[in-house]
Asker: 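Below is one structure. I have some questions about it.
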Amino acid sequence: MKLGFIGAGNMSGAILDGVLKGGLLQAEQLWVSNRHQDKLERFARLGVHTTTDNCRVAREADLVILGIKPQMFGEVLPQIADEVKGKGVLSISPGYSLAWLREQLPGCHVMRAMPNTPLLVGKGCTALAQKSGDVPEDLFEEVKAVFSSAGEVFVVPEDLIDAVIAIAGSSPAYFFRMADAMVQAGQALGLEPEQALRMAALTMEGSARMLLESGKTAGELARQVCSPGGTTLAALTAFDDHHFEGMVNEAMERCVRRSQELGK
Ligand SMILES: NC(=O)C1=CN([C@@H]2O[C@H](COP(=O)(O)OP(=O)(O)OC[C@H]3O[C@@H](n4cnc5c(N)ncnc54)[C@H](O)[C@@H]3O)[C@@H](O)[C@H]2O)C=CC1
Ligand SMILES: O=C(O)[C@@H]1CCC=N1
């Protein structure tokens, strides 16, 4: 298979690193285009084919991943529509539905996925919308393999992709904001920022492992940390006073709403 990326940004880089490091594909099987040459340099250093011509990628690749922002779809899809006929095209953007993408790219096999940036460290979480239309089974399996090389893949009905964005696509930013707030507070309490960051990040990593491996719920694990009349319960009273769950719920609802707006 030859895999192409249109847009040489964060997500294309994360996915491409995953397939190279995981040994799924070799550099000569990979094509990347970007409208700005400077963005291609990091990719050229890996030995992959690079070009400023999106049509070249569409022509060379069997499967094209659209690594551009949703706002660029209107410009890029008409450019590549003829070249991608009969091939696979994967959107990783919020908003645009499979039905809409099929209208823009008639005759090609359109798929949707929602990955996240932890793909960069091989710990990604990607949801792939269930196969629809005439997408061949082997092509769908190839897409699964691409994302499996840097994390775990879930197949979900397309109408759950917005929910996935809220819980996994956008949520690395929630965790980074949480870490940043903890580091700032730790600094104010006298810790060195580098030490505070390491402690917060290791604690996030360890807590995530416990959630994945202990078989216990998040509630049970939280209770394990709390001693009666102790420090953790004192800390969590601030979460209650500031309606923590309500805030998270509101954040996720806004995320879903924005995805729906982007698709209009
Ligand atoms: N960053 C994230 O955490 C996630 C992003 N996504 C989606 O992935 C897609 C890409 O996002 P990022 O990688 O974050 O964006 P990015 O801004 O890092 O990369 C986009 C790249 O496309 C290039 N570009 C712009 N117009 C172009 C054109 N006409 N032709 C060729 N290249 C062009 C830009 O120069 C840039 O290098 C978006 O649709 C985004 O919604 C999905 C999941 C997570
Ligand atoms: O913020 C965004 O629109 C993209 C989609 C998921 C993560 N980043």
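Whatever order the structure lists ligands and atoms in, that order sets their numbers, starting from 1. Scope of the values below: all heavy atoms of this structure, side chains included, with no hydrogens, waters or symmetry mates. Numbering of residues begins at 1 and proceeds along the displayed sequence.
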Asker: Look at the side chain of Ser12 and the backbone N and O of Gly7, then say whether any donor-acceptor pair between them is shorter than 3.5 Å.
Answerer: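 Judged by distance alone, yes, a pair lies under 3.5 Å.
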Asker: Could you note down all residue pairs passing side-chain hydrogen bond (donor to acceptor under 3.5 Å, both in side chains) where residues 178-189 supplies at least one of them, sequence neighbours left out?
Answerer: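 Every pair satisfying side-chain hydrogen bond (donor to acceptor under 3.5 Å, both in side chains) with a residue in residues 178-189: Asp180-Gln184.
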Asker: Do any pairs count as a ring pair (Phe, Tyr, Trp, His ring centres under 6.0 Å) and have a residue in residues 46-85, sequence neighbours left out, and if so which ones?
Answerer: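 Listed once each, the pairs are Trp31-His49, Phe73-Tyr96.
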Asker: Apply ring pair (Phe, Tyr, Trp, His ring centres under 6.0 Å) to Phe244 and list each qualifying residue two or more places apart in sequence or on a separate chain.
Answerer: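 Partners of Phe244 under the ring pair (Phe, Tyr, Trp, His ring centres under 6.0 Å) test: Phe239.
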Asker: What's the spacing between Glu194 CD and Arg198 CZ if we round to 0.5 Å?
Answerer: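 Here the interatomic distance stands at 11.5 Å.
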Asker: For a quick check under 3.5 Å, do Ser170 and Arg258 share a side-chain donor-acceptor pair by atom type?
Answerer: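 No, because no side-chain N or O of Ser170 sits under 3.5 Å from a partner of the opposite role on Arg258.
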Asker: At a 4.0 Å threshold, what atoms of ligand 2 neighbour a non-hydrogen atom of Gly169?
Answerer: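 In order of numbering, the contacting atoms are 6 (C), 7 (C).
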Asker: Which of the numbered atoms in ligand 2 are below 4.0 angstrom from a heavy atom of Ser170?
Answerer: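 That gives atoms 6 (C), 7 (C) of ligand 2.
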Asker: Please answer: with hydrophobic residues joined when any side-chain heavy atoms are less than 4.5 Å apart, are Val135 and Trp100 in the same cluster?
Answerer: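 No, Val135 does not connect to Trp100 through the hydrophobic network.
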Asker: What atoms of ligand 2 come within less than 4.0 Å of a heavy atom belonging to Pro94?
Answerer: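 Reading through ligand 2 atom by atom, the close ones are 3 (O), 5 (C).
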Asker: What's the spacing between Asn34 CG and Arg42 CZ if we round to 0.5 Å?
Answerer: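 Interatomic distance, Asn34 CG to Arg42 CZ, rounded to 0.5 Å: 11.5 Å.
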Asker: Let me know which protein residues bring a heavy atom to under 4.0 Å of ligand 1; chain then number is fine for ordering.
Answerer: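 Its neighbours under 4.0 Å (heavy atoms only) are Gly7, Ala8, Gly9, Asn10, Met11, Asn34, Arg35, His36, Lys39, Asn54, Gly67, Ile68, Lys69, Pro70, Met72, Glu75, Val76, Ile92, Ser93, Pro94, Met114, Pro115, Thr117, given by chain and number.
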Asker: Answer yes if a protein heavy atom lies under 4.0 Å from atom 7 (C) of ligand 2, otherwise answer no.
Answerer: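 Given the 4.0 Å cut-off, atom 7 (C) of ligand 2 counts as touching protein heavy atoms.
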Asker: Looking at atom 2 (C) of ligand 2, is any protein heavy atom nearer than 4.0 Å to it?
Answerer: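 Protein heavy atom within 4.0 Å of atom 2 (C) of ligand 2: absent.
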